[in-house]
Amino acid sequence: MNKFLREARLWLVAIPVLLWTLLPIYHIFLFSISTKDSAFSGALWPAKPTLHNFVTVFRQEHFYLHDFWHQIWNSLWIACATGVLTLAIATCAAFAISRLKVRGGRTVMNAALFTYFIPAAFLAVPMYKAMGSYGLLNNRWSLVLAMVTLAAPYAIWVLKQASDKLPWELDEAARIDGATPLQLFRLVYLPLMTPSLVAIGTYALLLAWNEYLYAFLLLSNDIPLAVGLGHFLASDDSPWELLMATALIYGLPPAAIYYAFRRYMVGGLTSGAVKT
Amino acid sequence: MAAIAIPHPASPAPRRVSSWQTWGVLMIAPYVLVFLVFVLYPVTYGLWLARHAQSYRTLFEDPVFFRSVLNTIVFLLVAVNLKFVLALFLSGFFVHERAWIRWLSVIFIIPWAVPAIPTIFSIRFMLNPEWGLINSLIFRLTAQDGPNWLTEPSLALFMAMLVHIWKALPFWTLILMAGRLAIPREQYEAASVDGATAWQKFKFVTWPSIRTLYLTSTLLSMIWTLGDFNSVYLLTGGGPADLTHVLATLGIRYIRLDQVDQAMATIVVALPFVLPLVYFMMKRLSVDDEGR
C-alpha cells in the first residue's frame, strides 16, 4: 500500500510535467494537420486530418512561402558553415592553449569567457553596427561570422576542459619521437578528442540553425527560414496552419540531430556548462 | 607559462620550444582575430557611439525605457527564481530510478532541443483570446470567456516569463540533477538509519551539497535571462503599446527605429548590472580551472 502511494505521488508529478511539456508541441502538430477552419475552431483533434498544408509548403503555393526551399537552403548553408568554422577555430585554439601552452593563452581564454557571458541580445547592437561598417550586412557571411563569434567561446572552453584531461605523457612521447606540433595535433589530438568534437560541431550547427535575433538583424533580403517564419506575423490574417506546418519542418531536423547526439551532448556539454 | 626556458644558443631545445610556441601562436590566431574583429571592435565602436550625454537624456525621457527597466527587474526576479525552485523540485523527481521516469526525462528535454520560434509561435496562438486553444477550453469547461492573455500588459509579461521557463527549465533541471546524482548514496542511507524525514534529508544532505551549484546556476541564468530576446519579442513583440519590453528587446526596438545611439545607450545603462555578474562568473570558472 505504502509502495502504491509512493508511485501514485510520482505520477502526480509526472502527468502535469508531461502536459506542460507536450502541449505547445502537440499544438504545432495539431495546426499543421488541420484545415484552416478546423484550426481556428479550437478543436483538440481535427475532424478531417490532412497533409495538404505540407503539400502547399513544399510547392511554395502561398505568398509567405514563395522562397521556402531557398530559405531552407540558406539555413542549412549558414548552419553548416558555422559548424565547420567554429569547430576549426575552436579546436585549434583549445589545442594551442591546452597542449602547446601558448603564451597569453590564459588571456585569450578570459576574453572568450567574457564573450560567452555577455548576453547575446546586448552584443547584437554593436555587432549590427560593426557588420554595417564592414559592409557585410545582408550577406550570409555576416550571420555565419556572428554565430561563430557566439559559439566559439563555449566551444573553446569545453574543448580545453576535455583536452586538459588527456594524458600529458602522449605529448612527451610525441616530442621525444620528434613529432612536429602539427603531427601531434593530427595524429594524437584529433582522434582522442572525437567525441567532444562531435558535440561541439553539433552545438554550433544547432545554434546557427535556431538563431532568430541575429538572423533578422543582419539579413533582410536573402533570409534563412527562421526569419521567413517571422514574416508570417506581418499581418493579422496570416495562415497559421501553414506557418505551423512550416515550423514543424523547420523544428524537426534540429530536434532529430539533438536526440541522435544526445549521448555526446549530455556528456560533453551539460557537465561543462556549470561546475559544482 | 613561466616554464619557458632561458635561451641557450648551443642546445637545440630552445629552438624546438620556440617552434612549438610559433605553432601555438598560429593556431590561436584565428580565434584572436574573431575576437578582435567581432567583439572588441564592435564593443569599442558601440561605446564610442554611446558617448553623447544627449542620448541618455533622450533615453531617460522615454517612458518605454523606464517601463522596460522595471519589466526586466521583475522578469529576472520572478522568472529566474520560479524556474529554479521548479528545477530543484523536478530534479528531485527525475533522480528516481524507474524506467518510465527515464523515458519521461527524454520527453522533458524537448523544449530545450527544439528551436525557439516554432514553439513560441505555437504558444502565442494557443493564447489568442478569440480562437486560441486555451480560451476555447476555458469556454467549453466554464462557458466563460478566458482572459486576454497577451493584451493585458502584466499578464502578457507573465506569459513571456512562462515561455522562458518552459524553454529553459529542462536544462537547469538536468544541471541540478547532475548535482544531486553526485551526492554519495551512503549519506542518504545513514540519514534513513537515523530516522530522517524526506524534508530533513533534503535540508541536511541534499541542500548543503548542491547549494553552491544552485547559486552559481542562478547567477548564470540571470545573465542569460537578461539576454533573452525571444521569449518576449516573439510572444508579445513588446506590445501592447510597448509595455512589455525588457532591456534585451528595447535595444533592438531602437535599432528598428533607426536610433542606434539610443540602442547603445540602453546597453551602457545596463552594464553596471551585467558586468559584476560577468566578473563573478569568470572568477568562479577560473578558480575551478586552477583547482584541477
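Computed from a predicted structure; not experimentally measured. In what follows, chains are A, B, ... by sequence order, proteins preceding strands, each numbered from 1.
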Query raised in the report: Between Phe121(B) and Phe31(A), is a ring pair (Phe, Tyr, Trp, His ring centres under 6.0 Å) present by the stated rule, with each step listed?
Result: CA-CA 11 Å; Phe121(B) 279 179; Phe31(A) 258 60; over 10 Å; no
Requested in this report: Check the pair Ile97(A), Ile28(B) against side-chain contact (heavy atoms from CB on, under 4.5 Å), reporting the backbone distance first and the verdict last.
Outcome: CA-CA 8 Å; Ile97(A) 296 172; Ile28(B) 208 171; 3.5 Å; yes
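In terms of heavy-atom proximity, Pro126(A) sits nearest to Pro42(B) at CB-O, 3.3 Å.
Other residues, nucleotides and ligands contribute over 12 non-hydrogen atoms within 6.0 Å of the OH atom of Tyr259(A).
Side-chain contact between Val114(B) and Tyr250(A) is absent, with no heavy-atom pair separated by less than 4.5 Å. Between Pro119(A) and Ile223(B), the closest side-chain pair of non-hydrogen atoms falls below 4.5 Å. In this structure, Pro153(A) and Tyr31(B) have side chains that are in contact, with non-hydrogen atoms separated by less than 4.5 Å. Two residues are said to be in side-chain contact when any heavy atoms from C-beta on lie closer than 4.5 Å; Val13(A) and Leu90(B) meet this criterion. Side-chain contact between Leu226(B) and Phe122(A): present, with at least one pair of heavy atoms (C-beta onward) separated by less than 4.5 Å.
If you measure heavy-atom distances from Leu33(B) to chain A, you find no contacts under 4.5 Å at all.
Atom CG of Asp171(A) sits about 6.5 Å away from atom CH2 of Trp20(B), to the nearest 0.5 Å.
Each of Phe117(A), Tyr116(A), Tyr154(A) was scored for a ring-ring contact (aromatic ring centres under 6.0 Å, His included) with Trp224(B), with one residue passing: Tyr116(A).
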